[in-house]
Engineer: 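Mind looking over this structure? Questions follow.
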Amino acid sequence: MKRGDGDGVRGGVVALLAARGARTHRRAWAAVFAALALGSLLLGTLGLAAGSAALGHARVERYAGADAVVAGTQSTRYTAKPWGSEPRTVRAGLTERVRVPARALDVVRQVPGVRAVIADVAFPVTARTASTAHKVALTGRPWEATRLASAPARLLEGRPPTGAREIVVGEGVARAGDRLSIAYGTGSATDTHTHTYTVTGVSADARRTVHFSRDETHRLAGRAGELDAIGVLADSGVPDDVLRTRVRHALDAAHLRDVSAPHRAAEDPAPLRVLTGDARGEAEFLAAAPARMPLLQVLASLASVVVLVGVLVVTSTVAQAVRQRARELALLRAVGATPWQLRRAVGREAGRIAVLAAVVGAVGAVPAYLALRALLVGRGAVPEGLELPFPPWLAAAPLGTAGLMVLIAWLTALGCCARAARTRPAEALREEEPRSARQLTGCVLLGLGAASAGAGALQHGAAAAAAASASALTMVIGCALLGPWLARGAMRVLGAPMRRLGVGGRLAASACTANAARLGAAITPVVLVTAFVLVQLAGGATLGHEAAAQARDAARADVAVSGPGVPYDAVERIRRLPGVAAATAVAHGTVVVPGKELGEPSLERLPVLGVTPRALARTLDPAVREGSTDGLRPGTVAVGEDRARTLGVRPGDHVQLRFGDGAEARLRVVATYERALALGDFLFSYEELTRHMSAPPPVRVLAALAPGASPTSLSTAFPGARVERDPVPERVRAEDQALGDVLTAVAVTAIGGFTVIAVLSTLTLISVGRGPELRQLRLAGADRRRLRRMLLLESAATATAGLSLGTATAALPLLAFALSAAGRLPWLPPGQGALIVAVVVLTTTSATLLPARGALRGRYPVAAR
């Protein structure tokens, strides 16, 4: 026979073995198909989300008609030297507007190719007509800035404003000729002004905007020499890149920087930016650009978890499918099949199933991504103005993740049949015991996980969370390697009480002990899902539960006053009202804290509060431990206990941080307080925080009433204001909290789906293989009721062992994280805990009972065909 003929015969044998194996073991391969399809679907969805986030940009609205926009640097830089390395620089986005010096107008106007430059300023105002007390919150802007829109502003009636007391409003606010009372202020607690303006025009494009004349806009904004942005209109035919380069050179030659430059750190320069194309939207939607990096980081973290869990589950299902036919492969070796033929046959089977499953998952990734994006937008996890593009070519990204899943399945199948392929035919029927190297590796990983949990107990914030996740991950992998030994130990422990439950219990105990090695494959995914889900859910739930408790304990106010009807000097006016014992104005903002995380430079953006300190404990009690908040004023700060411990400061010391506009400050610590999870790690005076904000924040005043006093006087003093009795407790929230909540739910659902597939497939294959055993038990006299009781107890033992080991695996990292971050024991909502138990119990019960229906059917057992 020629060599080519021999290759053809061997190839035909391989094809025949693969085709017969796929048909004969379709139940086992069905589980592999489901796991691979789910893995491909999830990875493809996350790949699309990451690609869309990488292409994301701020939506261009206000400056859509400008060829370029000159804006301030909306980021801050920090340089530090990591351990044993060269200095590194990190960046963080700023969410408060960094403004442009007005003298940049003349510089840009002289650039060749520039047709016009237009200054833009925006500030909040409230409007009230002369005929009603109803107030409307609006944004003030100059009328000439409407030229920067994609189309000229369209007046429905009237004319543009030209005088100091003339305005144009949007449709529905007022009509031409009406008189509007406009209130504006600088955001301080004592600075509010009101003037009456004549409506000269009504614009269809104004929406919630009121337009003033240019000079009046700059006067009302109260920021002499400062602009929000400069819109640049170019001559016809000037390309964007040429325009950007010319304007950039002109600004550099004039040595112009943004207005925050004198207050920034030495390593944090503040050059003016020249934005063109999609980048123009960054000058309007300030939170869009800083949100992209956290979104990418969370998606990358979630993808790594999905990859890990997917690999564990896929390898488990593939290994179980191949192990189920170990005797068949041994017989093929005994009758003369070569190792090459066995490897090729199993590899071809796995490849066919994997390709089909991966393609199905990749096709479903597109609608799954669209659903995920809609969920993120609907839950407010994507900040306003952030566009997540989805170009047609991006739809091909899931094919790459599908290829990864195919490769994993193929390599796993080859590895699982390697023993049968390399063993001599005479020894192929022997059962293989788990190797001691696997046991040693599992013990080492458990030790490393415990050490990581111990290190996490000494950390704070993100470092503690990272240590807890690493600990849980390491310990779960260790439990997966120790699965057979853990299963034997668990079944020995559970066997004693089961033997006291009658004949069914004794049968179940004997079966569990005999099948402990196989049950280890089913217990491992239960341990995995329990540990992962507990760490993911209980970690966030513990922080949220403690933060909510602290917020309730801090709440002392009887009423809260807010809304458009509240002027900026409301806190002083409320204090003077009869029956009011104390009043506190509250503003929410952000700061950026430079430091090091695990030796690497970091910039941490934190939510904070600004308050008026007078009688603060009567309205919002932070539980001061050292010092006093009475001295809280510009140049000082109160620090949460945990943060103060991390920074090593006490009252009288100084901390250095950066405000939301990039300005660096060295502040004296006047107090440390306990309720930092609810009120933030830093507490500022209202004036200190608001002076670094883009615009005066919405006014919210907390008031404590004297005994027997009524809040009626508050409603009367501020018509149109919202007066809340027993107001919602004040609480800071991280900017990416909604994003984390949504993606945590996605991760938990994905892990749960993988686990259901793994447990169902493993227990189903075990139950199918036990058909002859169950029929023999029936022939020996065991009735259906006893056998059903035996199977129920077996499934209960599997679920109990998996849940117990998973809880024990998660307990150590969770305990370390909860004590470090919240100062309390871990907490999980009872409903979520019950859901975890219910899913595990239903899965193990159905996977054990349903495949055994044939052996339990009828009065007498039927022989297998």
Engineer: For Asp252, which residues count as a salt bridge (Lys or Arg N to Asp or Glu O under 4.0 Å) partner, sequence neighbours excluded?
Structural biologist: Arg248

Engineer: Side-chain polar contacts of residues 374-388 - donor-acceptor pairs under 3.5 angstrom, sequence neighbours left out - could you list them?
Structural biologist:
{"residue": "Glu387", "atom": "OE2", "partner": "Arg59", "partner atom": "NH1", "Å": "3.3"}

Engineer: Does Arg650 have any salt bridge (Lys or Arg N to Asp or Glu O under 4.0 Å) partners at least two apart in sequence or in another chain, and if so, which?
Structural biologist: Glu626

Engineer: Report the residues that fulfil ring-ring contact (aromatic ring centres under 6.0 Å, His included) with His57, sequence neighbours left out, ordered by chain and then residue number.
Structural biologist: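 Result, ring-ring contact (aromatic ring centres under 6.0 Å, His included) vs His57: none returned.
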
Engineer: Applying salt bridge (Lys or Arg N to Asp or Glu O under 4.0 Å), name anything that partners Glu226, two or more places apart in sequence or on another chain.
Structural biologist: none

Engineer: Going by side chain to side chain contact (heavy atoms under 4.5 Å, CB included), name the residues that satisfy it together with Thr636, two or more places apart in sequence or in a different chain.
Structural biologist: Leu632, Arg633, Arg668, Val670

Engineer: How would you list all residue pairs meeting salt bridge (charged side-chain N to carboxylate O under 4.0 Å, His left out) that involve residues 281-299, not counting sequence neighbours?
Structural biologist: Arg273-Glu282

Engineer: Would you please name every residue forming a salt bridge (Lys or Arg N to Asp or Glu O under 4.0 Å) with Arg99, sequence neighbours left out?
Structural biologist: Asp228

Engineer: Listed by chain and number, what are the ring-ring contact (aromatic ring centres under 6.0 Å, His included) partners of Phe682, not counting sequence neighbours?
Structural biologist: none

Engineer: Who pairs with Ala554 by side chain to side chain contact (heavy atoms under 4.5 Å, CB included), at least two apart in sequence or on another chain?
Structural biologist: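 Counting only residues at least two positions away or on another chain, Ala554 forms a side chain to side chain contact (heavy atoms under 4.5 Å, CB included) with Leu620, Arg675, Leu679.
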
Engineer: Under the ring-ring contact (aromatic ring centres under 6.0 Å, His included) test, which residues partner His588, sequence neighbours left out?
Structural biologist: none

Engineer: The criterion is ring-ring contact (aromatic ring centres under 6.0 Å, His included); which residues satisfy it with Tyr78, sequence neighbours excluded?
Structural biologist: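 By the ring-ring contact (aromatic ring centres under 6.0 Å, His included) rule, Tyr78 matches no residue at all.
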
